[in-house]
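Worksheet: one structure, shown below.
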Number of protein chains: 2
Amino acid sequence: MSSKTVLIVDDESSIREMIAVALEMADYRVLEAENAQTGHAMALDHKPDLVLLDWMMPGTSGIELARRLKREEATAEMPIILLTAKGEEDNKIQGLEAGADDYITKPFSPRELVARLKAVLRRATPAGVEESVEVEGLKLDPASHRVTSHGSALEIGPTEYRLLQFFMTHQERAYTRSQLLDQVWGGNVYVEERTVDVHIRRLRKSLGETHQHLVQTVRGTGYRFSTRE
Amino acid sequence: MSSKTVLIVDDESSIREMIAVALEMADYRVLEAENAQTGHAMALDHKPDLVLLDWMMPGTSGIELARRLKREEATAEMPIILLTAKGEEDNKIQGLEAGADDYITKPFSPRELVARLKAVLRRATPAGVEESVEVEGLKLDPASHRVTSHGSALEIGPTEYRLLQFFMTHQERAYTRSQLLDQVWGGNVYVEERTVDVHIRRLRKSLGETHQHLVQTVRGTGYRFSTRE
DNA sequence: GCCGGCCGTGACAGAACCGTGACGATTACA
DNA sequence: TGTAATCGTCACGGTTCTGTCACGGCCGGC
């Protein structure tokens with residue numbers, strides 16, 4: 001579950017700070033810019049998953065930046081949430097016409113912010129239609145989030161599920177513990193490499209006698225999922 | 001999933017335009033009329049699945065048109081959403097009495113509009129289009145808005161009903177709390193994810209011993225409705 | 001056959017996750 | 001206008017999952 005990156009563009013550092021704290025607590029990566037120019041540059045540079053834009057800023061205004069971002073190919077798909085001071089309700093339509101995806105009126109609670117931000121991200125990321133995979137009667141179906149062995153359900157924990165999913169979509173190739181941590185646990189976590197071994201063990205146990213030969217140890221390297229020997 | 005047709009009746013072309021864009025992005029077909037007369041004609045002519053009506057218009061007002069549409073056989077089943085300027089909250093009751101299915105205050109975000117429009121379509125689709133669903137003696141009948149277990153009625157709240165309906169029409173698939181909030185609550189609401197858990201609980205309680213195994217927890221992910229396992 | 005490194009395995013404590021009852025607020029209804 | 005129903009949130013507790021460790025077996029090289 002790789003965390004998303006959010007770019008905050010606001011001239012008041014105290015506001016930026018508040019938002020940043022709230023977002024970091026909700027496990028988002030945060031970038032900050034204090035004016036439209038640097039904001040624009042950072043949007044191009046870091047490709048954040050979402051941009052939080054203050055309406056009123058010295059120099060180029062938020063809405064102007066919003067228009068610019070929507071106009072450019074590289075950033076057009078980037079969801080934008082506009083922040084505005086209370087009592088400027090009329091701007092709402094103007095803001096949304098500029099291409100903003102949502103519009104939050106100050107003052108707002110951090111929780112509201114996070115909730116609306118989630119909603120916007122949810123919409124912006126269409127659920128990937130993942131295909132189910134089957135190998136020797138072992139079937140993993142992402143839609144129902146189920147693993148079956150010749151039709152009967154297997155008990156399997158969340159991490160084992162992800163591990164198996166990764167393996168089944170990347171068969172016949174050896175991965176180091178480090179690579180598996182990256183791919184299955186998600187990059188920026190600090191976890192002992194030996195932990196992989198433990199989950200491999202648990203996965204094998206879940207797979208049972210029938211299928212555990214599919215998860216193979218590559219001594220000195222890591223593990224591999226393969227139907228061949 | 002053939003896309004639905006929405007008729008917009010508003011005298012301001014900029015508003016019509018904004019709404020049209022939003023709806024087209026959400027994959028609806030859009031018809032526009034700039035006054036009640038042509039709106040009325042188009043409603044009869046094209047039989048849209050829903051009508052968006054501005055309250056204040058020169059000549060015949062939106063609410064008047066709403067009443068007329070509800071009075072005539074051919075258009076009585078047609079869901080209507082009224083649009084009104086802010087600060088005219090009092091009209092709400094009047095509007096709903098006239099037969100409108102929902103009531104949106106300007107300014108509104110396209111997102112909000114689409115969400116509420118979906119909600120209205122979901123619950124107000126003319127009888128006959130929505131089939132009743134039955135699974136293991138548990139039957140949900142949209143026409144009578146009733147849930148029965150082997151013939152005897154079940155007590156079930158509005159939200160639980162919608163939740164169950166969604167589940168029964170989307171079986172064998174796991175949904176995250178976030179997705180359920182989108183689908184059942186409507187995308188623009190700001191509600192804690194754990195709230196889903198509580199309603200799942202209430203739904204299970206309503207279903208009773210007999211059927212609660214159908215609502216399954218997918219640990220680490222969300223919930224699923226399934227007859228298997 | 002000996003040895004060092006590598007890996008399987010069981011145990012464990014802390015964290016994460018989910019079910020559940022309760023509560024205040026709002027809404028619907030009589 | 002009062003009463004009931006429903007909603008969203010919270011806090012508590014049980015259960016499951018996770019990451020780590022330690023022990024010991026296994027393997028390969030010499």
Side-chain angles (χ1 to χ4, degrees), chain A residues 1 3 25-27 109-112 114-116 118-119 145 147 154-164 174-178 180-182 184-186 188-209 212-213 215-224, chain B residues 89 92-93 96-97 102-103 119 123 145 147 154-164 174-178 180-182 184-186 188-209 212-224:
Chain A
M1 194 100 47
S3 62
M25 295 219 319
D27 200 35
S109 74
R111 207 164 56 176
E112 181 184 355
V114 173
R116 314 246 318 237
K118 264 190 196 165
H145 207 272
V147 181
L154 254 47
E155 271 196 40
I156 192 169
T159 305
E160 281 75 70
Y161 178 88
R162 273 179 291 140
L163 190 53
L164 180 62
Y175 292 92
T176 66
R177 292 169 176 74
S178 176
L180 289 173
L181 284 178
D182 265 1
V184 179
W185 273 253
N188 43 11
V189 284
Y190 174 67
V191 173
E192 292 292 323
E193 293 207 340
R194 289 298 315 271
T195 298
V196 174
D197 297 29
V198 178
H199 282 278
I200 289 282
R201 161 84 178 27
R202 289 168 180 161
L203 175 56
R204 281 172 173 158
K205 201 177 213 172
S206 294
L207 293 182
E209 295 285 342
Q212 52 178 23
H213 67 278
V215 180
Q216 302 165 357
T217 305
V218 183
R219 195 179 171 83
T221 305
Y223 298 94
R224 170 182 55 206
Chain B
E89 284 295 318
K92 186 166 181 177
I93 297 168
L96 294 174
E97 274 175 350
D102 201 356
Y103 184 97
R123 84 177 100 94
H145 206 270
V147 182
L154 254 45
E155 269 197 41
I156 192 169
T159 305
E160 281 73 70
Y161 178 86
R162 273 181 290 132
L163 189 54
L164 180 61
Y175 294 92
T176 64
R177 292 169 176 74
S178 189
L180 289 173
L181 284 178
D182 251 3
V184 179
W185 273 254
N188 64 329
V189 287
Y190 143 54
V191 171
E192 292 290 322
E193 293 203 344
R194 288 298 312 272
T195 299
V196 174
D197 298 29
V198 178
H199 283 278
I200 288 282
R201 162 89 182 12
R202 290 168 180 161
L203 174 57
R204 280 173 174 157
K205 203 176 212 174
S206 294
L207 292 182
E209 295 284 341
Q212 52 178 20
H213 66 277
L214 293 170
V215 179
Q216 302 166 356
T217 304
V218 183
R219 187 165 239 271
T221 301
Y223 298 94
R224 170 180 56 205

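The analysis underlying the following values was restricted to heavy atoms, covering all of them including side chains, and did not include hydrogens, waters or symmetry mates. To find a chain, count down the sequence lines: A is the first, B the second, and so on, and within it residues start at 1.
- Looking only at side-chain heavy atoms (C-beta outward), S178(B) and E193(B) come within less than 4.5 Å of each other.
- Residue V218(A) is in sugar-phosphate contact alone, with no base atom involved, counting any heavy-atom pair closer than 4.0 Å across all strands shown.
- Between dT18(D), dC18(C), dT9(D), one nucleotide has an atom nearer to the side chain of T217(B) than all others, and that is dC18(C).
- Two residues are said to be in side-chain contact when any heavy atoms from C-beta on lie closer than 4.5 Å; Y223(B) and V218(B) fail this criterion.
- Checking dG8(D), dT20(D), dT6(D) against every side-chain atom of H199(B), the shortest atom distance belongs to dG8(D).
- Atom-to-atom, CG of D197(A) to P of dC6(C) comes out at 12 Å; the value is rounded to the nearest Å.
- Between G222(B) and V198(B), the residue anchored closer to the 5' end of DNA chain C is G222(B), taking for each the nucleotide with the nearest heavy atom.
- Put simply, CZ on R177(B) is 15 Å from C1' on dT9(D), counting in whole angstrom units.
- Distance R162(B) CZ to dG8(D) C1': 13 Å, rounded to the nearest Å.
- No hydrogens or angles were tested; on distance alone, a donor-acceptor pair under 3.5 Å links the side chain of R202(A) to the base of dG19(D).
- Nucleotide dC21(D) holds its P atom 13 Å from the CD atom of E193(A), rounded to whole Å.
- Mapping T195(B) and P158(A) onto DNA chain D via the closest heavy atom, the residue that lands nearer the 5' end is T195(B).
- If you take CD1 on I200(B) and CG on L180(B), they are separated by 6.5 Å, rounding to the nearest 0.5 Å.
- Y161(A) comes within contact range of no nucleotide atom at all, as no heavy-atom separation falls under 4.0 Å.
- We find that CD of E160(A) is positioned 8 Å from C1' of dC17(D), with the value rounded to whole Å.
- Two residues are said to be in side-chain contact when any heavy atoms from C-beta on lie closer than 4.5 Å; H213(A) and Q216(A) fail this criterion.
- Among the atoms of the strands shown, only primed sugar atoms or phosphate atoms (P, OP1, OP2) are found under 4.0 Å from some heavy atom of R204(B).
- Between dT18(D) and W185(A), no contact under 4.0 Å exists linking OP1 or OP2 to a side-chain N or O.
- Residues Y190(B) and E192(B) have side chains that never bring a donor and an acceptor to within less than 3.5 angstrom of each other.
- Distance, I200(A) CD1 to dC7(C) P: 11 Å, rounded to whole Å.
- Each of T221(B) and G220(A) was matched to the nucleotide of DNA chain C holding its nearest heavy atom; the match closer to the 5' end belongs to G220(A).
- To the nearest 0.5 Å, the span separating OG1 on T195(A) from CH2 on W185(A) amounts to 7.5 Å.
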What are the atom names and distances for every N/O pair under 3.5 Å that joins the protein to nucleotides 1-5 of chain C?
residue: dG5(C); atom: N2; partner: R219(A); partner atom: NH2; Å: 2.7

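- Here the P atom of nucleotide dC18(C) and the OH atom of Y175(B) are 18 Å apart, to the nearest Å.
- For R194(B), whose side chain is taken as the heavy atoms from C-beta onward, the closest listed nucleotide among dA11(D), dG19(D), dG8(C) is dA11(D).
- Whole-Å rounding puts the L203(B) CG to dG8(D) C1' distance at 17 Å.
- For E192(A), the listed nucleotide lying nearest its side chain is dT20(D); candidates were dT20(D), dG8(C), dG19(D).
- The number of heavy atoms from other shown groups lying within 6.0 Å of NE2 (H145(B)) does not exceed 12.
- Just one of R202(B), R204(B), K205(B), H199(B) meets the side-chain hydrogen bond (donor to acceptor under 3.5 Å, both in side chains) condition when paired with E160(B); it is H199(B).
- Projected onto DNA chain D by closest heavy-atom contact, E155(A) and Y190(A) fall at different nucleotides, the more 5' of which corresponds to E155(A).
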